[in-house]
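Contents: one structure, followed by commentary.
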Amino acid sequence: MIDPSAAIRIARPSRDLIAAERFYAGGLGLRVLFRAEANGPGEHDLIMLGLPGAAWHLELVGGPNLIVEPTPTTEDLFVIYLDGPVDERLIARLVEAGGRRVEQSAYWDRWGVTVADPDGYRLVLSTRSWRNG
């Protein structure tokens, strides 16, 4: 059995870690929890972003040794349930930080706002709430 408090890591490649950090830290407000640079062949640069005390983090890998190019689809969603309205100032910060507001689907457009990050992955800020179980 998996403990419900187990930490979760969401990892994906990025073409430009500086631009990704600007979007997720400067725009969204996540904190850089860890950063590393490649020290040799087969390694890659990475940043881990999240919120202190949360049981999850977003890890982005990149740099000159990156083998896999980002290939986001419209279904690669990172959804944050805000349980309330989306602040237009937050959307403006995300766009200013390199994001692009996009339409997602009838469901997500009804229940939030979607912004593509600099690599094209989609962040959904949902007005809904979510509780497991």
Side-chain angles (χ1 to χ4, degrees):
M1 264 334 221
I2 297 173
D3 184 325
S5 65
I8 296 174
R9 172 184 148 219
I10 302 161
R12 59 182 170 213
S14 175
R15 288 180 195 87
D16 185 342
L17 290 177
I18 294 169
E21 181 177 342
R22 186 178 320 114
F23 179 81
Y24 286 104
L28 185 58
L30 300 182
R31 302 245 174 88
V32 176
L33 304 172
F34 182 78
R35 178 189 316 273
E37 292 185 13
N39 289 322
E43 295 185 7
H44 48 263
D45 300 341
L46 67 87
I47 57 172
M48 293 181 182
L49 301 130
L51 298 170
W56 61 271
H57 67 269
L58 176 63
E59 179 180 305
L60 302 174
V61 298
N65 296 333
L66 185 66
I67 296 171
V68 178
E69 281 290 313
T71 54
T73 72
T74 57
E75 292 302 321
D76 290 313
L77 304 178
F78 179 35
V79 179
I80 299 177
Y81 294 93
L82 300 175
D83 193 19
V86 179
D87 187 335
E88 285 299 322
R89 293 173 297 185
L90 174 56
I91 303 301
R93 279 197 319 269
L94 288 165
V95 170
E96 187 175 305
R100 183 174 44 89
R101 189 171 180 166
V102 296
E103 291 183 5
Q104 177 57 36
S105 66
Y107 178 85
W108 288 118
D109 291 346
R110 177 178 178 198
W111 296 110
V113 175
T114 303
V115 180
D117 75 10
D119 287 304
Y121 290 102
R122 292 174 178 219
L123 166 68
V124 178
L125 300 170
S126 177
T127 58
R128 301 192 85 180
S129 65
W130 179 267
R131 305 284 182 267
N132 285 343

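Residue indices begin at 1 and follow the sequence shown. Heavy-atom basis, side chains included; hydrogens, waters and symmetry copies ignored.
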*Which is it for W108 and L77 under the side chain to side chain contact (heavy atoms under 4.5 Å, CB included) test, yes or no, and what are the steps along the way?*
CA-CA 10 Å; W108 288 118; L77 304 178; 3.4 Å; yes
*Indicate the atoms forming the closest heavy-atom contact of R128 with Y81, along with that distance.*
O-CB, 3.4 Å
*Which atom pair, heavy atoms only, marks the closest approach of Q104 to D109?*
N-OD1, 2.9 Å
Determine all donor-acceptor pairs shorter than 3.5 Å in which one atom belongs to a side chain in residues 25-37; sequence neighbours excluded.
| residue | atom | partner | partner atom | Å |
| --- | --- | --- | --- | --- |
| R35 | NH1 | E21 | OE1 | 2.7 |
| R35 | NH2 | E21 | OE1 | 3.3 |
| R35 | NH2 | E21 | OE2 | 3.1 |

*Grab the two heavy atoms, one from P118 and one from G98, that are nearest each other, plus how far apart they are.*
CG-O, 3.9 Å
*Verify the neighbour count for atom CD1 of I10: are there more than 12 heavy atoms of other residues, nucleotides or ligands below 6.0 Å?*
yes
*If two hydrophobic side chains count as joined below 4.5 Å and joins carry through other members, does L94 share a cluster with L17?*
yes
*Mind checking whether V115 and V79 sit in one hydrophobic cluster, side chains of I, L, V, M, F, W, Y counted as touching below 4.5 Å?*
no
*Cluster link Y107 to L125, ILVMFWY, side chain under 4.5 Å*: no
*asked:* Just so I know, are the side chains of D117 and L123 near enough to count as touching, which here means a heavy-atom distance under 4.5 Å?
replied: no
_Closer than 3.5 angstrom, by distance alone: can the side chain of S126 be matched with the main-chain N or O of G112 as a donor-acceptor pair?_
no
*asked:* Hydrophobic cluster membership, with links at side-chain heavy-atom distances under 4.5 Å among I/L/V/M/F/W/Y: are L51 and V86 in one?
replied: yes
*Between D119 and Y121, is there a donor-acceptor pair closer than 3.5 Å when you use the side chain of the first and the backbone of the second?*
no
Expected list for residues 53-70: side-chain donor-acceptor pairs under 3.5 angstrom, two or more places apart:
| residue | atom | partner | partner atom | Å |
| --- | --- | --- | --- | --- |
| E59 | OE1 | R9 | NE | 3.0 |
| E59 | OE2 | R9 | NH2 | 3.2 |
| N65 | ND2 | G40 | O | 3.4 |
| N65 | ND2 | E43 | O | 2.9 |
| E69 | OE1 | R15 | NE | 3.3 |

*Pick from T74, T114, V113: which one makes a side-chain contact (heavy atoms from CB on, under 4.5 Å) with V102?*
T114
_If I take atom OG from residue S14 and atom CZ from residue F23, how far apart are they, to the nearest 0.5 angstrom?_
11.5 Å
_Are D87 and R93 packed together at the side-chain level, in the sense that at least one heavy-atom pair is separated by less than 4.5 angstrom?_
no
*Is I91 reachable from V124 through a run of hydrophobic residues whose side-chain heavy atoms are each under 4.5 Å from the next?*
no
*asked:* Could you check whether any side-chain N or O of T127 sits under 3.5 Å from a backbone N or O of W111, counting only pairs where one atom can act as donor and the other as acceptor?
replied: yes
